[in-house]
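Working notes, beginning with the structure itself.
Model, not experiment: these values are computed from the prediction. Atom set for the values below is all heavy atoms of this structure, side chains included, hydrogens, waters and symmetry mates excluded.
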Amino acid sequence: MTTGVPPARPASGAPAVFAAARVPADVTLPPASGAPGPRLPVGPSVGPPAGPSTAPYGTAPYGTAPYGTAPYGTAPYGTAPEPVPRPDPLDAVADWGPVTTAAGVFRLVPVRLERDLRLITAWMNDPAVAAFWHLAGPAGTTAAHLRAQIRGDGRSVPCLGVLCGVPMSYWEVYRADLDPLARYHPVRPHDTGLHLLIGDAADRGRGVGTVLLRAVSDLVLDRRPMCGRVIAEPDIRNVPSVSAFLRAGFRLAAETDLPGKRAAVVVRDRAPRHAP
């Protein structure tokens with residue numbers, strides 16, 4: 001499944017492709033009713049890419065070494081410029097922490113190019129993903145898309161979704177009210193958007209996309225008290241993606257034309273999210 005991003009959206013406009021984390025064939029996920037359910041055994045689906053870093057995903061504090069610079073604290077005070085605090089329109093996604101879902105323990109880990117580019121590039125070159133994300137090609141194509149967010153103003157944060165210690169999905173958490181989406185559909189202050197793809201074709205179609213969408217939208221609403229709604233805009237042609245959002249507690253708010261696609265705008269509201 002994939003939700004796509006219009007080409008005119010430089011920082012956050014990519015579709016979402018959903019897959020399921022690798023769940024044994026004899027295990028059935030519970031319906032997406034919000035109940036936590038038992039933890040299911042999940043095997044690895046995609047290993048981390050080869051590279052210089054061997055630390056487990058999510059173990060290094062995000063922000064201790066900004067991309068392309070030396071770690072803070074390596075130069076004596078006064079010998080180097082003090083780092084300029086960056087705005088944080090999304091309330092520290094890196095600190096949201098892990099959540100336990102029916103598919104296992106899950107967390108969002110902000111992307112590091114030197115560690116994650118090879119894996120994300122491989123996912124973007126899957127034809128099912130490329131049909132909606134439009135980022136197939138060499139690593140430089142994916143790198144440019146990621147770098148625009150990593151070096152941007154914080155209104156969109158690209159993340160790996162790590163399930164039971166295995167990176168298996170790519171997410172973009174973005175401020176919908178600061179996004180080009182606001183030119184095409186009414187949004188409210190602090191509305192937060194999601195784009196998602198789940199990487200391996202063998203992991204798709206088993207319900208994990210729904211489980212993770214509910215978990216991540218809960219995280220947004222729990223960690224962002226000013227946010228009243230979580231929004232997504234999958235391509236209306238991407239029926240599996242739209243269905244996953246609806247099963248995860250989103251409602252269909254509208255259909256609208258965005259650059260490059262006809263989108264289903266789906267919304268999960270804060271108020272009724274714990275209703276049965």
Side-chain angles (χ1 to χ4, degrees), residues 1-5 12-21 29-37 89-110 155-163 168-179 181 185 187-198 207-235 238 240-254 263-276:
M1 297 183 283
T2 308
T3 61
V5 173
S12 67
V17 170
F18 296 140
L29 286 172
S33 63
L90 284 163
D91 300 313
V93 174
D95 298 332
W96 286 1
V99 291
T100 300
T101 75
V105 177
F106 178 83
R107 75 180 301 146
L108 293 172
V109 179
R155 70 181 62 188
S156 180
V157 179
C159 296
L160 283 182
V162 179
L163 182 64
M168 46 70 66
S169 54
Y170 170 73
W171 299 72
E172 291 172 356
V173 183
Y174 66 96
R175 280 283 297 271
D177 56 329
L178 304 178
D179 188 82
L181 173 64
H185 180 79
V187 295
R188 301 173 187 171
H190 293 279
D191 278 355
T192 303
L194 297 177
H195 297 130
L196 165 65
L197 72 84
I198 296 181
V208 172
T210 295
V211 170
L212 298 185
L213 277 171
R214 181 175 287 273
V216 172
S217 57
D218 276 341
L219 265 178
V220 171
L221 294 170
D222 289 342
R223 303 296 194 265
R224 302 205 65 237
M226 297 294 290
C227 172
R229 306 188 307 172
V230 182
I231 292 180
E233 20 80 4
D235 193 306
N238 192 345
S241 176
V242 175
S243 298
F245 277 104
L246 297 180
R247 290 194 302 268
F250 288 73
R251 59 182 173 83
L252 179 63
V265 180
V266 293
V267 174
R268 189 171 184 210
D269 301 284
R270 176 180 292 277
R273 68 187 175 117
H274 294 304

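- In this structure, CG on Leu90 lies 10.0 Å from NE2 on His190, to the nearest 0.5 angstrom.
- The closest side-chain heavy-atom distance from Val230 to Val267 is not below 4.5 Å.
- Contact annotation: the side chain of Asp269 approaches that of Arg251 to within less than 4.5 Å [non-hydrogen atoms, C-beta and beyond].
- Scanning all heavy atoms of the two residues, the minimum distance from Val187 to Ala176 falls at CG2-O, 4.1 Å.
- For the pair Val173/Trp96, a side-chain contact is recorded, criterion being any heavy-atom separation below 4.5 Å from C-beta on.
- Under the side-chain hydrogen bond (donor to acceptor under 3.5 Å, both in side chains) criterion, Arg229 pairs with Asp191, not counting sequence neighbours.
- Every side-chain contact (heavy atoms from CB on, under 4.5 Å) that Leu178 has, sequence neighbours left out, goes to Pro89, Arg155, Arg175.
- Between Phe106 and Val216, the shortest heavy-atom contact is CE2-CG2, 3.6 Å.
- Arg188 pairs by the salt bridge (charged side-chain N to carboxylate O under 4.0 Å, His left out) definition with nothing, not counting sequence neighbours.
- Note: Thr192 OG1 to Asp177 CG = 7.5 Å, rounded to the nearest 0.5 Å.
- Residues Ser169 and Leu196 are in side-chain contact: their nearest non-hydrogen atoms beyond the backbone lie under 4.5 Å apart.
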- Item | Derivation and outcome, side chain to side chain contact (heavy atoms under 4.5 Å, CB included), residues Arg214 and Asp218 | CA-CA 6 Å; Arg214 181 175 287 273; Asp218 276 341; 4.0 Å; yes
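- Atom CG of Leu194 and atom CG of Leu212 lie 11.5 Å apart (nearest 0.5 Å).
- Residues Ile198 and Gly209 share a closest heavy-atom pair of CD1-CA, 3.8 Å.
- Under the 30°/60° scheme for interplanar angles, the aromatic rings of Tyr174 and His195 are found to lie parallel.
- Minimum heavy-atom separation, Ala264 to Leu252: CB-CD1, 3.8 Å.
- A distance of 10.5 Å separates CG of Leu160 from CE of Met168, quoted to the nearest 0.5 Å.
- When every heavy atom of Leu221 is checked against every heavy atom of Cys227, the shortest pair comes out as CD2-O, 3.7 Å.
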- Test log, rule salt bridge (charged side-chain N to carboxylate O under 4.0 Å, His left out), inputs Asp91 and Arg224: CA-CA 6 Å; Asp91 300 313; Arg224 302 205 65 237; 2.8 Å; yes
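- Side-chain contact check for Leu213 versus Trp171: some heavy-atom pair is nearer than 4.5 Å.
- Of the inter-residue distances, the one linking Ser241 atom OG with Asp235 atom CG reads 8.5 Å to the nearest 0.5 angstrom.
- Considering every non-hydrogen atom in both Ser156 and Glu172, the closest pair reads OG-CB, 4.3 Å.
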- Given the rule in the salt bridge (charged side-chain N to carboxylate O under 4.0 Å, His left out) test, do Arg223 and Asp95 qualify, once you have shown the distances and angles that lead to the verdict? CA-CA 9 Å; Arg223 303 296 194 265; Asp95 298 332; over 6 Å; no
